[in-house]
Amino acid sequence: MAGDFETARRLFESVRRHAALQAQMLLAYIDDPVAFRSHVRGIIEAERAHYGLGALPAAVAI
């Protein structure tokens, strides 16, 4: 952040809130391994698309 600590603080807080929301959502599926893995895969695919990383390689097991 090149010394811009206020912007860094806001960005890190945003990431923390996003991760907490994702974790809270996944708790609903914790007792169903198939659904849990499916939702995790969906999160990963959405994040990869957001950052322009393309599809998740087929060889990656979740």
Side-chain angles (χ1 to χ4, degrees):
M1 302 270 58
D4 186 353
F5 292 102
E6 186 54 39
T7 298
R9 183 183 329 280
R10 282 195 324 272
L11 290 172
F12 283 121
E13 277 297 315
S14 174
V15 169
R16 186 191 61 79
R17 283 190 304 273
H18 180 72
L21 288 172
Q22 294 288 5
Q24 184 67 36
M25 182 184 69
L26 286 173
L27 279 174
Y29 303 99
I30 201 71
D31 292 324
D32 182 348
V34 173
F36 182 83
R37 286 186 182 101
S38 176
H39 278 78
V40 168
R41 184 174 204 75
I43 291 169
I44 292 169
E45 289 172 347
E47 293 293 321
R48 289 182 65 84
H50 176 79
Y51 291 105
L53 297 174
L56 191 62
V60 175
I62 296 175

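All values derive from a computational prediction rather than experimental measurement. Excluded from the calculations below are hydrogen atoms, water molecules and symmetry mates; all remaining heavy atoms, backbone and side chain alike, are included.
- I44 CD1 to L53 CG: the interatomic distance, rounded to the nearest 0.5 Å, is 11.5 Å.
- Look at R16 and E13 and you find a salt bridge, because one of the NZ, NE, NH1 or NH2 atoms lies within 4.0 Å of a carboxylate O, short of that distance.
- For the atom pair CZ (R9) and OG1 (T7), the distance works out to 10.5 Å, reported to the nearest 0.5 Å.
- Once rounded to the nearest 0.5 Å, the distance linking CZ of R17 with CD of Q22 reads 14.0 Å.
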Inset, instruction - Evaluate the criterion side-chain contact (heavy atoms from CB on, under 4.5 Å) for residue pair D4 and E6; output intermediate values, then yes/no. - result: CA-CA 6 Å; D4 186 353; E6 186 54 39; 4.2 Å; yes
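- Residues H18 and E47 have side chains that bring a donor and an acceptor to within less than 3.5 angstrom of each other.
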What pairs of donor and acceptor atoms, side-chain ones from residues 30-37 against any protein atom, are under 3.5 angstrom apart with sequence neighbours left out?
{"residue": "D32", "atom": "OD1", "partner": "V34", "partner atom": "N", "Å": "3.3"}
{"residue": "D32", "atom": "OD1", "partner": "A35", "partner atom": "N", "Å": "3.3"}
{"residue": "R37", "atom": "NE", "partner": "I62", "partner atom": "O", "Å": "3.3"}

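- Grouping the Ile, Leu, Val, Met, Phe, Trp and Tyr side chains by contacts below 4.5 angstrom, directly or via other members, places L56 with L26.
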